[in-house]
Amino acid sequence: MVQRTLAILKPDCVRKNLIGKVIKRFEAEGFKIIGMKLVKLDSNTAGEFYAVHKDKPFFYDLVSFMSSGPCVPMVLEKENAIEDYRKVIGATDPGKADEGTIRKMYADSKEQNMVHGSDAPDTAEYEIKYFFSSKELVENMG
Ligand code: CMP
C-alpha cells in the first residue's frame, strides 16, 4: 500500500550541512518528496509536536534542541513508506542503529539523532497535518 510519512531533518542535520546527503539517500531508496519546507520551530510548537513525550525526563532537552535552529519537515511517499523509512534511518540511539542507516552514519546521540520519522499510520496522518496543509502537498508528481 502506498503510504505517506512525515520526516524531519533535525537542527543537527541542518547545522552539519547534511540536508542534501540525507535527501539524496531518501530519493535513492525510492521515496518521493511530496511536501517540504524549512522552518525554525519555537519552543511552544516543538513542545506541542512532541506532546506525547511531555512526561518523559528528556522532554525539556528534546524541545530545546528541536527549537535550537532550523529544521526541514518533509512528506515522503512510497509503498510501505512508514516502515521502510524507519529502516533507512535506524534505531533512535545511533549506538544501536544498524550499519548504513542515517543515524548510524551521522548522528551523535539519542537526542541529536538527525531525523525524525512517524512511527505508525495514525501518527503519520497527525504529524503530516501538523506541518502541511493539503494545498502544500503535491498530489500528482507527473
Ligand atoms: P524522534 O523520532 O524525533 O522522536 C522522539 C525523540 O525523542 C527521539 O527521536 C529522540 O531524539 C528523543 N529521545 C527518545 N528517547 C530519548 C532518550 N532516552 N533520551 C534523549 N532523547 C530521547
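Order of listing sets the numbers, starting from 1, for every ligand and every atom in it. Quick caveat: nothing in here was measured; it's all calculated off a predicted structure.
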Once you measure the plane-to-plane angle for Tyr85 and Phe31, does it fall in the parallel (<30°), tilted (30-60°) or perpendicular (>60°) bin?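 Perpendicular, since the angle between the ring planes exceeds 60°.
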Taking the inter-plane angle between the rings of His116 and Tyr50 on a 0 to 90° scale, is it parallel (under 30°), tilted (30 to 60°) or perpendicular (over 60°)?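 Judged by the thresholds at 30° and 60°, the geometry between His116 and Tyr50 is perpendicular.
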Under the salt bridge (Lys or Arg N to Asp or Glu O under 4.0 Å) test, which residues partner Lys24, sequence neighbours left out?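 Lys24 satisfies salt bridge (Lys or Arg N to Asp or Glu O under 4.0 Å) with no other residue.
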Which protein residues come within less than 4.0 angstrom of ligand 1, counting heavy atoms only? Lys10, Tyr50, His53, Phe58, Leu62, Thr92, Arg103, Lys110, Glu111, Asn113, His116
Any salt bridge (Lys or Arg N to Asp or Glu O under 4.0 Å) pairs touching residues 37-66, not counting sequence neighbours? Lys37-Glu136
Got a sec, which residues hit side chain to side chain donor-acceptor pair (under 3.5 Å) with Ser64, two or more places apart in sequence or on another chain? none
Exam field: side chain Ser118 to backbone Leu6, donor-acceptor pair closer than 3.5 Å: yes
